[in-house]
Amino acid sequence: MDFSKLYRPSALNSYQFIAITGLIMSGAAHVILHFFVHRTLPGFDWLYVCWTALYVIGSLMNLFGKPSEGHHHHH
């Protein structure tokens with residue numbers, strides 16, 4: 001099992017990439033809201049749960065999926 005598929009950017013699938021981008025952007029928005037706007041939004045923390053769940057699903061697909069699946073590029 002290749003665990004580098006969990007952290008190496010070139011080995012991530014689209015679900016993992018979207019989840020990491022979402023976590024980073026949500027974190028940045030959280031910092032801006034907290035320190036600059038001095039506001040919190042109810043339910044904002046659920047974004048982290050959703051992004052984490054998407055990352056876990058993407059990781060399972062990446063680790064246990066068949067290598068022939070995915071990347072269906074039409075040339």
Side-chain angles (χ1 to χ4, degrees):
M1 190 173 311
D2 184 9
F3 287 107
S4 70
K5 291 180 178 182
L6 299 176
Y7 59 85
R8 192 168 34 103
S10 62
L12 299 178
N13 65 20
S14 56
Y15 295 105
Q16 290 170 301
F17 186 80
I18 290 168
I20 289 173
T21 303
L23 280 167
I24 292 169
M25 297 304 287
S26 297
H30 206 152
V31 167
I32 290 169
L33 284 170
H34 182 71
F35 290 108
F36 299 107
V37 182
H38 306 291
R39 232 182 122 193
T40 58
L41 298 174
F44 192 86
D45 294 336
W46 282 104
L47 279 174
Y48 300 112
V49 175
C50 293
W51 293 130
T52 303
L54 183 63
Y55 180 81
V56 168
I57 291 167
S59 295
L60 292 172
M61 290 171 61
N62 203 359
L63 288 173
F64 300 112
K66 295 178 186 172
S68 62
E69 290 179 0
H71 304 343
H72 295 287
H73 297 287
H74 300 279
H75 297 280

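The residues of the chain are indexed from 1 along the displayed sequence.
- The shortest side-chain heavy-atom distance between Tyr7 and Leu12 does not fall under the 4.5 Å cut-off.
- Counting heavy atoms from C-beta outward, Ser59 and Lys5 have side chains that stay 4.5 Å or more apart.
- The side-chain contact (heavy atoms from CB on, under 4.5 Å) test applied to Phe3 returns Met1, Leu6, not counting sequence neighbours.
- With sequence neighbours excluded, the residues that form a side-chain contact (heavy atoms from CB on, under 4.5 Å) with Met61 are Asn13, Tyr15, Ile57.
- For the pair Ala11 and Ser4, the tightest heavy-atom approach, listed with the atom from each and the gap, is CB-O, 4.0 Å.
- From Trp51, atom CH2 reaches atom CD1 of Ile20 across 11.5 Å, with rounding to the nearest 0.5 Å.
- Note: the hydrophobic cluster containing Phe44 also contains Val37 (ILVMFWY, side chain heavy atoms under 4.5 Å, direct or indirect links).
- Linking ILVMFWY residues whenever their side-chain heavy atoms come closer than 4.5 Å, directly or via other members, leaves Leu63 and Ile18 in distinct clusters.
- Among pairs with a residue in residues 32-47, none fulfils side-chain hydrogen bond (donor to acceptor under 3.5 Å, both in side chains), at least two apart in sequence or across chains.
- Taken to the nearest 0.5 Å, the CG atom of Leu47 stands 9.5 Å off from the CG atom of Leu23.
- Sparse packing is recorded around CZ of Phe17, with 12 or fewer heavy atoms of other residues, nucleotides or ligands lying under 6.0 Å away.
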